[in-house]
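Sequence positions, counted from 1, serve as the residue numbers for this chain.
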Amino acid sequence: HVQLVESGGGSVQAGGSLRLSCAVSGHSYSTYCMAWFRQVPGKQRVGVAGIDSDGSTSYAGSVMGRFTISKDNVDNTLYLEMNNLKPEDTAMYYCAALKGGNFYCGSLVGRPENEYWGQGTQVTVS
């Protein structure tokens, strides 16, 4: 089992920055793709950024160059640094640990065999 707890969301003006954190616990999560997804009401959850077990990263085109995903294996925390925020970045952000199935960390699409999700943290950009 993997447990995920997000924090760091909030309200910010356009052009501002936020850093999301996700505290990770549970055995063998190091073999998972760790990722951030976001969802707005009435729409599907979409991948924002991912970091694979080998450290390789991937980003949605809409956040490339503005968001940075990283993980700290010492304090077991996943981060999402978000800069130059835009109103369209407003969403509930979820931390996820995903593995197996036809899920591909490089594109953040597919159906994983194993998946764990946090409860979400709201980001509002005005």
Side-chain angles (χ1 to χ4, degrees):
H1 245 57
V2 180
Q3 292 84 41
L4 307 166
V5 180
E6 303 100 331
S7 60
S11 297
V12 65
Q13 290 190 334
S17 299
L18 281 174
R19 188 176 79 159
L20 305 183
S21 300
C22 175
V24 186
S25 60
H27 73 284
S28 299
Y29 71 87
S30 61
T31 63
Y32 283 69
C33 168
M34 302 301 299
W36 290 96
F37 283 68
R38 67 187 181 188
Q39 187 173 26
V40 297
K43 293 191 176 182
Q44 284 192 328
R45 195 174 298 185
V46 295
V48 174
I51 184 165
D52 214 340
S53 55
D54 64 358
S56 57
T57 58
S58 58
Y59 296 93
S62 60
V63 306
M64 189 83 70
R66 300 188 298 122
F67 290 12
T68 302
I69 189 171
S70 61
K71 62 180 179 178
D72 187 324
N73 292 325
V74 174
D75 66 6
N76 299 329
T77 304
L78 180 72
Y79 299 100
L80 184 68
E81 186 75 36
M82 305 185 295
N83 297 313
N84 190 22
L85 283 160
K86 303 177 181 181
E88 52 263 42
D89 295 318
T90 295
M92 184 72 78
Y93 283 72
Y94 297 90
C95 172
L98 308 148
K99 186 172 74 170
N102 65 353
F103 178 79
Y104 178 49
C105 198
S107 60
L108 302 173
V109 296
R111 191 175 187 90
E113 180 177 0
N114 299 288
E115 56 184 312
Y116 301 93
W117 295 87
Q119 82 287 353
T121 185
Q122 178 68 37
V123 171
T124 302
V125 185
S126 59

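Other residues, nucleotides and ligands place no more than 12 heavy atoms under 6.0 Å from the CD atom of Q44. Surrounding CD of Q119 are more than 12 heavy atoms belonging to other residues, nucleotides or ligands, all under 6.0 Å away.
Sequence neighbours left out, not one pair with a member in residues 115-126 passes salt bridge (Lys or Arg N to Asp or Glu O under 4.0 Å).
Cluster membership for V48 and L4, using ILVMFWY side-chain heavy atoms within less than 4.5 angstrom, is shared. Cluster annotation: I51 is connected to Y93 through the hydrophobic network of ILVMFWY side chains, with a link wherever side-chain heavy atoms come within less than 4.5 Å. Residues V123 and M92 do not share a hydrophobic cluster, clusters being chains of Ile/Leu/Val/Met/Phe/Trp/Tyr side chains in contact below 4.5 Å. Follow the hydrophobic side-chain contacts under 4.5 Å out from M64 and you never reach Y79; the two are in separate clusters. Both M34 and Y116 are part of a single hydrophobic cluster, where members link through side-chain heavy atoms under 4.5 Å apart.
Distance CG/N114 to SG/C33: 12.5 Å, rounded to 0.5 Å. Note: S21 OG to E81 CD = 9.0 Å, rounded to the nearest 0.5 Å. Atom CG of N76 is separated from atom CG of L78 by 11.0 Å, given to the nearest 0.5 angstrom. In this structure, the separation between SG on C22 and CD on Q3 is 11.0 Å, given to the nearest 0.5 Å.
Contact annotation: the side chain of E6 never approaches that of L20 to less than 4.5 Å [non-hydrogen atoms, C-beta and beyond]. Under the 4.5 Å side-chain criterion, counting only non-hydrogen atoms from C-beta, F103 is in contact with L108. Two residues are said to be in side-chain contact when any heavy atoms from C-beta on lie closer than 4.5 Å; V63 and M82 fail this criterion. At least one side-chain heavy atom of W117 sits less than 4.5 Å from a side-chain heavy atom of L98. In this structure the side chain of R38 never reaches within 4.5 angstrom of the side chain of T90, judged on heavy atoms.
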Donor-acceptor pairs are to be reported for all side-chain atoms of residues 52-60 against protein atoms at under 3.5 Å, with residues two or more places apart or in another chain.
residue	atom	partner	partner atom	Å
D54	OD1	S56	N	2.9
D54	OD1	S56	OG	2.7
S58	OG	C105	O	2.7
Y59	OH	I69	N	2.9

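When all heavy atoms of A97 and V2 are compared, the closest pair comes out as CB-CG1, 4.2 Å. Residue L80 comes nearest to A49 through the heavy atom pair CD1-CB, 4.0 Å, listed as atom of the first residue, atom of the second, then distance.
Using a distance-only test at 3.5 Å, with no hydrogens or angles considered, no donor-acceptor pair links the side chain of Q39 to the main chain of A91. Using modelled atom types, one side-chain atom of N102 and one backbone atom of R111 make a donor-acceptor pair closer than 3.5 Å.
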Q) Could you walk me through whether R66 and D89 pass the side chain to side chain contact (heavy atoms under 4.5 Å, CB included) check? A) CA-CA 11 Å; R66 300 188 298 122; D89 295 318; 2.8 Å; yes
Q: Any chance you could lay out the side chain to side chain contact (heavy atoms under 4.5 Å, CB included) test for F67 and W36, step after step, and finish with the verdict?
A: CA-CA 11 Å; F67 290 12; W36 290 96; over 6 Å; no
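Taking R45 as the reference, nothing meets the salt bridge (Lys or Arg N to Asp or Glu O under 4.0 Å) condition, with sequence neighbours excluded.
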